[in-house]
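Only one structure is covered here, and it is reproduced in the block below.
Below, chains carry the letters A, B, ... as their sequence lines are ordered, and counting in each starts from 1.
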2 protein chains.
Amino acid sequence: MAQSPDHPIPDPPTKGDRTRQALLDAAYQQFVQRGFHAASMRAIADGAGITPGGIYNHFAGKDDLFAAVVLAHHPLTRIFPQLIAAPGHTAEERLRNAAQAIAAELEADEKLLNLFFAEMIECQGKHLALLSETLMPKALAFVTELHAATDTPPGITPFGLLQTFVGTVLATVFTRRFLATAGAPAIALAGIDEFMDIYLHGILRGKTDL
Amino acid sequence: MAQSPDHPIPDPPTKGDRTRQALLDAAYQQFVQRGFHAASMRAIADGAGITPGGIYNHFAGKDDLFAAVVLAHHPLTRIFPQLIAAPGHTAEERLRNAAQAIAAELEADEKLLNLFFAEMIECQGKHLALLSETLMPKALAFVTELHAATDTPPGITPFGLLQTFVGTVLATVFTRRFLATAGAPAIALAGIDEFMDIYLHGILRGKTDL
DNA sequence: CCTACCGATCGGTAGG
DNA sequence: CCTACCGATCGGTAGG
């Protein structure tokens with residue numbers, strides 16, 4: 001196989017590389033299950049199969065490790081690429097497909113949203129600026145095209161379209177999770193299709209009186 | 001003033017009552033600022049003007065104190081009553097008024113949503129069942145009436161209408177906060193009016209091609 | 001990357 | 001409700 005200059009064959013992972021990856025994986029599990037403060041370096045080391053002191057050969061400290069996990073796994077890093085890659089011939093099709101793919105991914109790992117929350121509560125959202133600088137430009141270019149193709153209410157900018165779409169998908173996953181936790185019957189819960197029906201067409205279709 | 005049997009004049013608060021309330025207030029501040037695990041009993045005692053040991057005259061432990069704060073301040077306890085009390089002559093008016101009042105209250109204390117998140121991450125949502133049992137019946141009765149007056153997409157139950165409405169309001173407050181934290185210009189952000197425009201009427205109004 | 005350990009801080013208790 | 005203190009656990013380091 002010819003080697004493209006854009007995709008050089010990476011060096012085979014060294015033992016150090018593999019340990020580092022094992023630490024990232026173990027840290028992800030701990031942070032997502034317990035949040036930042038309740039996750040212990042000892043449990044992370046255990047999960048990676050090393051002793052606690054060994055962590056500091058790979059990461060400067062707990063904050064550094066958390067930052068690495070956030071950059072690798074934050075929900076926004078999964079949401080934006082899925083939005084851009086979604087197939088479809090109309091705006092409606094593309095948004096529905098994107099929403100389904102994103103919701104499926106966020107629900108596959110039911111604790112994934114915890115990374116978002118832990119970052120905002122326990123780290124005051126200090127990684128969000130870096131994340132959005134990386135992810136926003138392409139998403140914004142994409143959604144500007146969509147904005148022109150839809151009939152958004154006055155005052156909704158392309159940026160607002162992105163915000164409301166992401167917000168709607170997050171609202172779907174979040175409300176389903178907390179209502180399930182609260183003991184609501186799964187059958188009665190609205191899913192991503194119902195949320196997108198409302199997002200695209202609204203709950204009023206002619207009727208306005210009460 | 002005559003004393004109604006439904007509203008007996010409460011006993012004047014004792015010193016113990018006042019200390020307990022000071023503890024609840026201080027605990028609310030700490031939990032909302034730092035989350036459950038990072039809030040220390042010492043800081044809470046300081047905030048209430050007593051020493052750490054004194055807390056245990058009023059609460060069995062940190063969990064018990066957190067549970068009391070959750071029951072008193074959880075966002076859901078503010079959302080549901082506002083929804084039921086919102087004025088308006090049409091479904092649209094009532095939903096818009098409710099959404100504005102709720103969003104204003106959630107944004108007045110920008111950290112209030114943290115109580116929701118801390119409870120889900122750090123306590124696995126164990127108080128949600130009790131909260132929703134208390135709050136759900138009246139909200140559901142109210143929204144059933146609204147459901148009949150709107151033209152919701154097929155598959156949206158009254159319960160789903162409640163879920164999507166609450167989800168939309170939460171999405172508004174949450175996305176505004178994280179985008180502001182990420183450095184987005186406030187002027188470009190969609191607010192509760194824009195989210196409700198979409199919730200009521202959708203982003204497509206005839207246009208469907210791309 | 002391990003062993004052994006540090007100081008700091010935690011939630012909670014005993015006794016008054 | 002305070003003083004004084006407990007055992008446990010934490011993040012992190014020194015030295016090899």
Could you tell me which residues satisfy side chain to side chain contact (heavy atoms under 4.5 Å, CB included) with B:Q124, sequence neighbours excluded, listed by chain and number? A:K111

Between which nucleotides of DNA chain C, read 5' to 3', does contact with chain B run, using atoms under 4.0 Å from its heavy atoms? C:dC10 to C:dT13

Please tabulate, one pair per line, all N/O donor-acceptor pairs under 3.5 Å involving side-chain atoms of residues 127-138 of chain B, not counting sequence neighbours.
unit_1, atom_1, unit_2, atom_2, d
B:H127, ND1, B:E119, OE2, 2.7
B:S132, OG, B:L128, O, 3.3
B:S132, OG, B:A129, O, 3.2
B:T134, OG1, B:L130, O, 2.8

Listed partners of A:A188 passing side chain to side chain contact (heavy atoms under 4.5 Å, CB included), at least two apart: A:P185, B:F159

Taking only Watson-Crick and G-U wobble pairs with both distances under 3.5 Å, what dot-bracket line describes DNA chain C, where [ ] shows pairs that cross earlier ones and | shows pairs with another strand? ||||||||||||||||

Check the angle between the aromatic planes of A:F174 and B:F117 and answer parallel, tilted or perpendicular using the 30° and 60° thresholds. perpendicular

Partners of B:D197 by side chain to side chain contact (heavy atoms under 4.5 Å, CB included), sequence neighbours excluded? A:P153, B:R96

Determine, step by step, whether A:F66 and A:F59 satisfy the side-chain contact (heavy atoms from CB on, under 4.5 Å) criterion, reporting the C-alpha distance in whole Å, the side-chain angles of both residues, the deciding distance to 0.1 Å, and the verdict. CA-CA 10 Å; A:F66 186 69; A:F59 299 96; over 6 Å; no

Using the six-membered ring wherever Trp is involved, compare the ring planes of A:F31 and A:F36 and label them parallel, tilted or perpendicular (cut-offs 30° and 60°). parallel

Which salt bridge (charged side-chain N to carboxylate O under 4.0 Å, His left out) pairs, counting each pair once, include a residue from residues 176-193 of chain B, with sequence neighbours left out? B:E107-B:R176

Please report the closest heavy-atom contact between B:I121 and A:N114, naming both atoms and the distance. CD1-O, 3.8 Å

Go through residues 51-70 of chain A and report each residue with a non-hydrogen atom lying under 4.0 Å from DNA chain D, sorted by number. A:G53, A:Y56, A:G61, A:K62

Side chain to side chain contact (heavy atoms under 4.5 Å, CB included) involving A:A101 - partner list, sequence neighbours excluded: A:Q82

Got a sec, which pairs hit side chain to side chain donor-acceptor pair (under 3.5 Å) with one end in residues 35-61 of chain B, sequence neighbours left out? B:H37-B:E122

Residues within residues 33-49 of chain B bordering DNA chain C, heavy-atom distance below 4.0 Å: B:A39, B:S40, B:M41, B:R42

Would you mind listing every salt bridge (charged side-chain N to carboxylate O under 4.0 Å, His left out) that reaches into residues 158-171 of chain A, with sequence neighbours excluded? none

